[in-house]
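Here's the structure, in structure tokens; my notes come after.
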Amino acid sequence: MITGITELETALFIMMENEKKTAELFNKAAEKVMDPGLKKLFKELEQCSRNHHSQIYDFRKQKTWNGQWVKKLLCLEIESHSFYNRMAAQATDPSTRQLFKQLRDSKMRSITLLQEELERQKKK
């Protein structure tokens with residue numbers, strides 16, 4: 001549970017770094033696969049992760065810790081979680097399926113942290 005600004009900033013930093021690592025992972029996956037459709041998908045996912053990284057960076061820069069940006073970030077994480085869940089269900093390659101499951105689970109942890117922060121802000 002997040003109990004202060006420092007912990008919130010730390011959580012956002014971790015989320016931002018995870019998006020950066022995810023983008024790098026998708027880039028490497030795109031380089032390794034031979035299937036043009038899968039290569040294109042991984043490149044699009046890389047770009048999406050870079051976009052999320054940028055948005056989280058912008059949230060951190062604002063330093064306005066209100067429910068508005070937490071809700072936006074929560075929506076972003078829920079959208080990513082849903083997407084990774086769908087991709088895991090559709091993937092036929094076991095290692096690709098496992099990758100999407102790990103990404104989905106990572107997003108779920110972020111969602112939980114953000115939901116806890118929203119609840120904390122409501123109690124203020």
Side-chain angles (χ1 to χ4, degrees):
M1 177 185 257
I2 298 171
T3 58
I5 294 298
T6 302
E7 290 171 347
L8 184 57
E9 287 177 339
T10 302
L12 286 172
F13 178 79
I14 291 168
M15 289 169 65
M16 190 176 73
E17 288 300 304
N18 284 341
E19 287 297 337
K20 184 177 176 182
K21 289 177 186 175
T22 301
E24 292 168 2
L25 189 100
F26 284 136
N27 183 38
K28 288 178 185 174
E31 290 173 357
K32 288 183 180 179
V33 299
M34 297 300 167
D35 179 282
L38 201 49
K39 186 178 284 291
K40 182 180 181 222
L41 173 65
F42 283 137
K43 280 301 197 184
E44 289 173 4
L45 289 170
E46 176 191 2
Q47 189 57 44
C48 185
S49 289
R50 293 194 189 286
N51 183 38
H52 288 180
H53 175 275
S54 176
Q55 289 179 0
I56 295 168
Y57 177 82
D58 290 344
F59 287 136
R60 287 183 67 224
K61 250 184 10 180
Q62 289 177 9
K63 298 287 187 186
T64 53
W65 308 111
N66 60 34
Q68 181 74 9
W69 70 265
V70 176
K71 288 177 186 175
K72 286 180 183 177
L73 191 53
L74 179 59
C75 288
L76 187 70
E77 293 297 279
I78 290 171
E79 181 182 298
S80 294
H81 176 270
S82 177
F83 175 77
Y84 291 144
N85 196 42
R86 284 193 315 275
M87 298 284 39
Q90 293 174 9
T92 55
D93 176 62
S95 61
T96 302
R97 183 181 304 118
Q98 184 62 30
L99 168 69
F100 285 124
K101 285 181 178 181
Q102 288 173 342
L103 291 167
R104 175 201 63 197
D105 294 346
S106 174
K107 291 297 176 186
M108 192 68 236
R109 288 188 291 275
S110 296
I111 289 168
T112 301
L113 283 172
L114 291 168
Q115 287 172 332
E116 288 175 354
E117 176 59 18
L118 279 174
E119 286 299 315
R120 188 184 72 73
Q121 288 181 5
K122 285 181 186 177
K123 292 177 182 178
K124 283 184 178 179

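Computation of the quantities below employed the complete heavy-atom set of this structure, encompassing side-chain atoms and omitting hydrogens, waters and symmetry-equivalent molecules. Nothing here was measured: the structure is a model prediction, and the numbers come from that model.
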Exercise. Under 6.0 Å from the NZ atom of Lys20, do we count more than 12 heavy atoms belonging to anything else shown?
Worked result: no
Exercise. Shared ILVMFWY cluster between Met108 and Leu118, side chains joined below 4.5 angstrom?
Worked result: yes
Problem set entry | Side-chain donor-acceptor contact under 3.5 Å, Arg50 with Ser54 | no
Exercise. Roughly how far, to the nearest 0.5 Å, is the OG atom of Ser49 from the NE2 atom of His53?
Worked result: 10.5 Å
For this session: Could you tell me whether the side chain of Thr22 and the main chain of Asn18 form a donor-acceptor pair under 3.5 Å?
Result: yes
Exercise. Which atoms form the tightest heavy-atom contact between Ala91 and Arg97, and what is the distance?
Worked result: O-NH2, 2.8 Å
Problem set entry | Separation of Phe42 CZ from Leu99 CG (nearest 0.5 Å) | 6.0 Å
For this session: Check the hydrophobic clustering (I, L, V, M, F, W, Y; side-chain heavy atoms under 4.5 Å; chains of links allowed) and say if Ile111 and Met87 are grouped together.
Result: no
Problem set entry | side-chain contact (heavy atoms from CB on, under 4.5 Å) assessment of Ser106 paired with Arg109 | CA-CA 5 Å; Ser106 174; Arg109 288 188 291 275; 3.7 Å; yes
For this session: Specify the closest pair of heavy atoms between Thr96 and Asp93, including all atoms of both residues, with the distance to one decimal.
Result: OG1-OD2, 2.8 Å
For this session: Give a yes-or-no answer on whether the side chains of Lys101 and Asn85 include a donor-acceptor pair shorter than 3.5 Å.
Result: no
Exercise. Do Tyr57 and Leu114 share a hydrophobic cluster (ILVMFWY, side-chain heavy atoms under 4.5 Å, transitive)?
Worked result: yes
Exercise. Say you draw a straight line from CE of Met15 to CD of Gln55; how long is it, rounded to the nearest 0.5 Å?
Worked result: 11.0 Å
Problem set entry | From CD1 (Ile56) to CD1 (Ile14), nearest 0.5 Å | 11.5 Å
For this session: Before accepting this row, confirm whether a basic side-chain N of the pair Lys21/Glu24 lies closer than 4.0 Å to the acidic partner's carboxylate O.
Result: no
Problem set entry | Closest non-hydrogen atom pair between Lys39 and Val33, with its separation | NZ-O, 3.2 Å
For this session: Would you kindly confirm whether Phe13 and Leu76 end up in one hydrophobic cluster when ILVMFWY residues are joined by side chain heavy atoms under 4.5 Å apart?
Result: yes
Exercise. To the nearest 0.5 Å, how far apart are NE2 in His81 and CG in Asp105?
Worked result: 7.0 Å
Problem set entry | Straight-line distance of Phe26 CZ to Glu46 CD, nearest 0.5 Å | 9.5 Å
Problem set entry | Cluster check Ile78, Met16: I/L/V/M/F/W/Y, side chain < 4.5 angstrom | yes
Seminar exercise, completed: Closest non-hydrogen contact found for Ser110 with Glu77 is CB-OE1, 3.1 Å
For this session: Please work out whether the ring planes of Phe83 and Phe100 are parallel, tilted or perpendicular, with thresholds of 30° and 60°.
Result: perpendicular
